Amino acid sequence: MESSKQQTDIKNQIMDLVEDFYDLKHKNINFVPGISEVPVSGKVFDSNEIKNLISSSLDFWLTDGDYSEEFSKKMSNFLSLKHIRLVNSGSSANLVSLASLTNKKVKNHILPGAEVITTAVGFPTTVNPIFQNNMTPVFIDSELGTYNPTAQSVIDAYSSDTRAIMMAHTLGNPLEIEKIKDFADDKNLWLIEDNCDALGSTYNGKFTGTFGDISTLSFYPAHHITMGEGGAVMTNSTRLQLSIDSFRDWGRDCWCKSGHDNTCNKRFDWSLGELPYGYDHKYTYSNIGYNLKLTDLQASIGVIQMDKLENFIDLRRKNWKKIDSIVRNYPNYLSPHQPVENSEPSWFGYAILVKDNNHFSRDDFVKFLNERRISTRLLFGGNLIKQPAYEGKNYRVVGSLDNADIVMNSTFWIGVYPGITDDMISYISETFEEFFNSF
Ligand SMILES: Cc1ncc(COP(=O)(O)O)c(C=O)c1O
C-alpha cells in the first residue's frame, strides 16, 4: 500500500516536471517569416503525449499491450470498424493486408501471379506489396487535379487474371470508392484501401477506409495523427483479422494476445501439417509471416492523438481552403487541387500543378519557395514505373501514363497540417505574390 502511494507520488512529480520541460522546449515557438521553416507536415502535440509516453515507459510493458488496446478501441469507434490491428508502419500495414489475402484458410485467397490493379501515381509502398507477394501490378493513370484514377479506368484495367484492387486515396482525396467497390463485388475482387493519407475523409458521407475488405493507416509524423512510426490494418471481417494477425505475428496459427496462453483451450491438442499430434499451438506456423508489431510506447502517444483527431481534420480542411484561395489567384500558371465529387477530403496536403509557360518550371518555383523556407514535396514517386526500383520488374500498364508523367514533371504539394498557422499562410501568400510579380 505504502509502495503504491509512493509510486503515485513519484509519478506525479515526474509528470509535473514533464509539463515544465514541455513549456520550455516545445511551447510557443515563434514563427519568423523567411527565417523559420513553413513545414509540409509535422508532429502536433502537447505535454499529454509526452506524459503518456513516460507513463507507458514506467509501466515497462513495452510490447503490444493496454495502450494498443485502448488506441484500437478509439479508432474502431471513430471509423465504426470492427478490427484494428497495429503494426510498425503504414508500409507494413499494406504488406500485411495483401499477404493476409494469400492465406489458404481465406476463401477465394489470392495465388502468386494474380494481377492487382493499382495506380502509377503514388507512394511506392502502396504498390510494393504486390511485388513482394509475387503478384503482378497493373498500373493505370490518375487524373490531373484530383490525382486519383477514375472508377472507369479501374474497370477498364480488369482482366481475367485480376484478383484485387489496391490503391490510395491520394493526398486525402477520396477515390470514387463506391463505384470501385461495386465493381470489385461484381467481379469478386478484393479491395484494399490505402487510407494512410486520408484518415477522416468521407465519400458520400461515409469514411474512406470503411469501403474495402481491408484498409490501412500510417502514423508517421506526416500523417493525420502520429506515434512517430506506426500503422494499422483494419477490417470488419473476423476471418481476415485472424489472417492479418497471423502474418503480422510470425505466421503463427495461434491467435492468443501477447502475454496470453491457451485461448483456444486446446493448446496441446492440435494436429497440423506434418507436426506430431499435440505440438504446442503457440509454436505452430500456418503462414510465411513477419513480425511487424507495434510497441505500447508508440500506442500510448496515439491514444492522446486520437482525442485531437477531429480538430486536426477540421484544421487541415481550413488550411487547405486558405491555400486554395491563394493558388486560385494565378490561373494562368497554376492548376488548383480538386476534391473528388461527392467527397469531403481530410487533406494530407495541397497539390499544385504548374502549367506549361514561358517564365518558369515547377522546379524553378519549388526552388524559390524552399529558398524562402516554404517547404514543398513532390507527389511522392511521380510516375512510379520511371523509378529505378521498378526497372525490369514484371508489371502491366493499361492505357497511357501521360498524366503520371505530368505529375512527375509539373506537380508539387505544400502543407496544410494543423501546425500551419495564419501567419505562415500570410507569408505563403506574400511569397507567391513576390514570385508572380517578378515577371
Ligand atoms: C499513401 C501512403 N501509403 C503508405 C505510406 C507509408 O507509410 P509509412 O511511412 O508509415 O510506412 C505512405 C507514407 O507516407 C503514404 O503516403
Side-chain angles (χ1 to χ4, degrees), residues 39-43 71 75 84-99 116-133 137 139 142 146-149 165-175 177 180 191-201 208-209 211-212 214-234 248 290-295 298-299 301-302 305 316 337 340 345-351 375-384 387 389 404 407 411-417:
V40 276
S41 60
K43 303 179 280 276
F71 177 85
M75 185 60 82
I84 314 289
R85 286 302 188 267
L86 299 181
V87 289
N88 59 6
S89 72
S91 303
S92 299
N94 286 340
L95 176 60
V96 166
S97 297
L98 192 59
V116 180
I117 301 171
T118 191
T119 166
V121 177
F123 197 79
T125 54
T126 310
V127 170
N128 293 352
I130 307 173
F131 290 112
Q132 286 152 341
N133 282 288
F139 287 107
S142 290
T146 65
Y147 303 102
N148 279 328
I165 301 163
M166 181 165 183
M167 45 184 65
H169 302 281
T170 310
L171 294 173
N173 207 5
L175 292 154
I177 195 69
I180 293 174
L191 175 60
I192 299 176
E193 289 177 79
D194 178 335
N195 202 42
C196 288
D197 297 347
L199 177 56
S201 294
T208 58
F211 291 84
I214 304 180
S215 65
T216 61
L217 291 172
S218 165
F219 306 124
Y220 189 74
H223 296 259
H224 295 63
I225 55 171
T226 191
M227 302 180 184
E229 297 283 358
V233 187
M234 312 187 289
R248 184 193 65 170
Y290 308 93
N291 177 5
L292 301 171
K293 292 194 296 296
L294 187 91
T295 68
Q298 289 158 288
I301 302 168
Q305 290 267 294
R316 281 177 176 271
H337 202 171
V340 167
S346 167
W347 294 105
F348 190 73
Y350 190 99
S375 290
T376 62
R377 291 285 182 275
L378 298 186
L379 211 172
F380 307 134
N383 179 349
L384 282 177
Q387 293 278 349
V407 169
T411 301
F412 71 100
W413 61 273
I414 54 178
V416 299
Y417 85 109

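Computation of the quantities below employed the complete heavy-atom set of this structure, encompassing side-chain atoms and omitting hydrogens, waters and symmetry-equivalent molecules. This one's a predicted model, so the numbers in the text were calculated from it and none came from an experiment. All ligand and atom numbering here is 1-based and tracks the order in the structure.
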| Parallel, tilted or perpendicular: ring planes of Tyr350 versus His337, cut at 30 and 60 degrees | perpendicular
| side chain to side chain donor-acceptor pair (under 3.5 Å) partners for Arg248, two or more places apart | none
Expected rows: ligand 1 N/O, protein N/O, dist below 3.5 Å:
| unit_1 | atom_1 | unit_2 | atom_2 | d |
| --- | --- | --- | --- | --- |
| ligand 1 | 3 (N) | Asp194 | OD1 | 3.3 |
| ligand 1 | 3 (N) | Asp194 | OD2 | 2.7 |
| ligand 1 | 7 (O) | Ser218 | OG | 3.4 |
| ligand 1 | 10 (O) | Gly90 | N | 2.7 |
| ligand 1 | 10 (O) | Ser218 | OG | 2.7 |
| ligand 1 | 11 (O) | Gly90 | N | 3.4 |
| ligand 1 | 11 (O) | Ser91 | N | 2.9 |
| ligand 1 | 11 (O) | Ser91 | OG | 2.5 |
| ligand 1 | 14 (O) | His223 | NE2 | 2.9 |
| ligand 1 | 16 (O) | Asp197 | OD1 | 3.0 |
| ligand 1 | 16 (O) | Asp197 | OD2 | 2.9 |

| Do Tyr147 and Phe380 make the cut of ring centroids closer than 6.0 angstrom? | no
| message | With no hydrogens and no angle check, just 3.5 Å: does a side-chain donor-acceptor pair link Ser97 and Thr216? | response | no
| field | No-hydrogen, no-angle side-chain donor-acceptor test under 3.5 Å, Asn173 and Thr146 | value | no
| remark: When Asp194, Asn128, Thr125 are each screened for side-chain hydrogen bond (donor to acceptor under 3.5 Å, both in side chains) with Asn94, the one that passes is Asp194
